[in-house]
Amino acid sequence: MNGVHARARKSRASCLPEAALPWLSPGQRWAAAPSSEAELLERAHRLAGCTVADLAACFDVSLPSHGVRAKGLVGALVERALGATARSASIPDFPELGIELKTIPLDARGRPRESTFVCTVRLRDIADSAWEASPVCSKLTRVLFVPIEAGTTLSLGERRIGAARLWSPTRSQQSALRADWEELAGVIGRGDVEQITAHLGLHLQIRPKAASSHVRGRGSDEHGAPVRTLPRGFYLRASFTASIFK
DNA sequence: TATTGATCATGC
DNA sequence: GCATGATCAATA
């Protein structure tokens, strides 16, 4: 059974543990876009300390009683609270600022609990593209990581927003990601997409990205001829994102 | 227990 | 179907 939801009942005022969120007005469904990077960072800092339940109450959103139904919910709530404007378009969450937003669950020791999805693998043209022009490189140019304190003892609503960090890859991180990407792109370019496993890549890996393992998307074989295969995505390993929060 | 492969929700 | 947002849960 999956229809049982617990509606958050706290008033808007209770979503402000320490500081007000002045850019949010009562009843607002989505925050207005921040006008500058400074404003975005200010908002992110003020969100620190809020719980997921607080945020859900702000927007009158029900929290699923079972975590399996909540995938992506925290990310969507933070988007709304910070005023991301991209919605589901293939552009940065804050297009005018060139900033991508990612929430990342941390365990009690401050280590990422999960890998981080980056983007879908463009199976048909990745072999002919360069790292610098790749969606992976673009997406990871400037990322606002919003950590979520998500220890195993905490329920979804008890999870707490942490201190955000605006990150850009260092030169060594950039070259390491590039090396992984080029290895993976090479395998796909040889027409060996079915040989790809999540074991490949030191920091960047490829894993399925689909509603189920039966889904088929469009790819190319080694001659460029169309093939149908499981859609896949690039993910950052938790060991990589851990270095961002050290 | 860390990791991989599979899966869930929403919008267009 | 494909884009966004991710975490679940079986297994190594």
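Bear in mind that the values here come from a model prediction, so they are computed numbers and not experimental data.
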With hydrogens left out and only the distance checked, is there a donor-acceptor pair under 3.5 Å joining A/K209's side chain and the base of C/dG5? yes
Salt bridge present between A/R142 and A/E37 (N-O < 4.0 angstrom):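 Salt bridge between A/R142 and A/E37, a charged N being under 4.0 Å from a carboxylate O: yes.
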Quick one: do A/R87 and A/E79 make a salt bridge, cutoff under 4.0 Å?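 No.
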Closer to the 5' end of DNA chain B via nearest nucleotide, is it A/S213 or A/Q205?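 The residue closer to the strand's 5' end, by nearest nucleotide, is A/Q205.
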d([atom1], [X]; [atom2], [N]) in whole Å:
X      : N     : atom1 : atom2 : result
A/R80  : B/dA9 : CZ    : C1'   : 13 Å
A/D93  : C/dG5 : CG    : P     : 5 Å
A/H214 : C/dG1 : NE2   : C1'   : 17 Å
A/L123 : C/dG1 : CG    : C1'   : 15 Å
A/I206 : B/dT3 : CD1   : C1'   : 16 Å
A/F94  : C/dT4 : CZ    : P     : 15 Å
A/E194 : B/dG5 : CD    : P     : 12 Å
A/L73  : C/dT4 : CG    : P     : 18 Å

Taking A/K209 for its side chain and A/C119 for its backbone only, find out whether a donor-acceptor pair lies under 3.5 Å. no
For A/A163, does its backbone N or O pair with a side-chain atom of A/R165 as donor and acceptor, under 3.5 Å? no
Between A/S115 and A/R207: side-chain donor-acceptor atoms closer than 3.5 Å: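 There is such a pair between these side chains.
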Any side-chain donor near an acceptor of the partner, A/Q28 and A/S25, under 3.5 Å: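 Present: a donor and an acceptor within the cut-off.
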Applying the side chain to side chain contact (heavy atoms under 4.5 Å, CB included) criterion to A/C50, which one of A/V78, A/L77, A/I161 satisfies it? A/I161
Under the side chain to side chain contact (heavy atoms under 4.5 Å, CB included) test against A/L82, which residue among A/L47, A/I99, A/D93 passes?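 It is A/L47; the other options fail the test.
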Report the nucleotide, chosen from C/dT4, B/dA6, B/dT4, that has the shortest atom-to-atom distance to any side-chain atom of A/R237.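 From the listed options, B/dT4 comes nearest.
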Tell me which nucleotide among C/dC2, B/dT7, C/dG5 gets nearest to the side chain of A/K139. C/dG5
Under 4.0 Å protein heavy-atom contacts per nucleotide of nucleotides 7-12 of chain C, with B for base, S for backbone only and - for none: BB----
Inter-end axis angle, the helix from B/dT1-C/dA12 to B/dC12-C/dG1, with every axis fitted to five base pairs (rounded, 10 degrees):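 So the angle between the two local helix axes works out to 30°.
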NA contact type, A/A86, heavy-atom cut-off 4.0 Å: base, sugar-phosphate, or nothing?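 No contact.
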Identify whether NZ of Lys or CZ of Arg in A/R46 sits under 6.0 Å from the centre of the six-membered ring of A/W23 and within 45° of that ring's axis. no
